[in-house]
Amino acid sequence: MSTTNRMENAMYDTLLRTLDDLGFDIEQATPQTTFRDLEMDSLSLAELMVNVSDEAGVLNTVDVLDMTLGQAAERLSHAAVQQAV
């Protein structure tokens, strides 16, 4: 497994853990699940981003509702790599 894939998997796990901590039902979540599928609103997204930002930076909340968890994990892992450089 490549370093990028490991980072994306770790970020996906972080997203799931944080979503669970925030009270969202992640039982059926997959990397293809969107934030809209989880019935998140902009306030929930902002709270998620604040909680995740300590590890990887922030996502632009524009169009994030339709982003999948896998896409978010990928974007966050890339942001973490950029911050490390």
Side-chain angles (χ1 to χ4, degrees):
M1 180 181 291
S2 74
T3 301
T4 301
N5 287 341
R6 281 193 298 270
M7 289 185 72
E8 287 176 20
N9 288 341
M11 190 52 61
Y12 176 75
D13 291 342
T14 298
L15 283 169
L16 287 181
R17 200 171 40 255
T18 305
L19 286 164
D20 188 45
D21 290 346
L22 293 173
F24 288 92
D25 181 11
I26 59 166
E27 195 71 29
Q28 303 298 319
T30 70
Q32 291 73 38
T33 300
T34 66
F35 294 104
R36 188 178 304 278
D37 293 338
L38 295 172
E39 300 181 3
M40 294 186 77
D41 58 20
S42 59
L43 183 59
S44 299
L45 279 172
E47 187 174 11
L48 175 67
M49 294 308 113
V50 166
N51 286 313
V52 173
S53 68
D54 288 339
E55 284 193 45
V58 295
L59 288 173
N60 181 345
T61 56
V62 176
D63 298 324
V64 172
L65 279 174
D66 293 316
M67 182 182 291
T68 67
L69 297 176
Q71 290 168 326
E74 179 181 358
R75 188 176 293 179
L76 286 165
S77 67
H78 289 294
V81 168
Q82 293 302 316
Q83 285 181 347
V85 172

Which atom pair, heavy atoms only, marks the closest approach of M40 to F24? CG-CE2, 3.5 Å

Let me confirm one number: the OG1-CG distance from T14 to N9, rounded to the nearest 0.5 Å. 10.5 Å

Considering non-hydrogen atoms only, spot the tightest contact between A73 and E8 and give its length. CB-O, 3.5 Å

From T30 OG1 over to L16 CG, what is the distance, rounded to the nearest 0.5 angstrom? 9.5 Å

Without hydrogens or angle criteria, can the side chains of D41 and S44 be said to hold a donor-acceptor pair below 3.5 Å? yes

Here the gap from L69 atom CG to I26 atom CD1, rounded to the nearest 0.5 Å, amounts to 9.5 Å

Rounded to the nearest 0.5 Å, what's the gap from CZ on F35 to CG on L48? Could you check? 5.5 Å

Using 0.5 Å steps for rounding, measure from the OG1 atom of T33 to the CG atom of L19. 10.0 Å

Would N51 and L22 satisfy side-chain contact (heavy atoms from CB on, under 4.5 Å), going step by step from the backbone distance to the final call? CA-CA 9 Å; N51 286 313; L22 293 173; 3.5 Å; yes

How long is the gap from CD on Q28 to CG on D37, to the nearest 0.5 Å? 12.0 Å

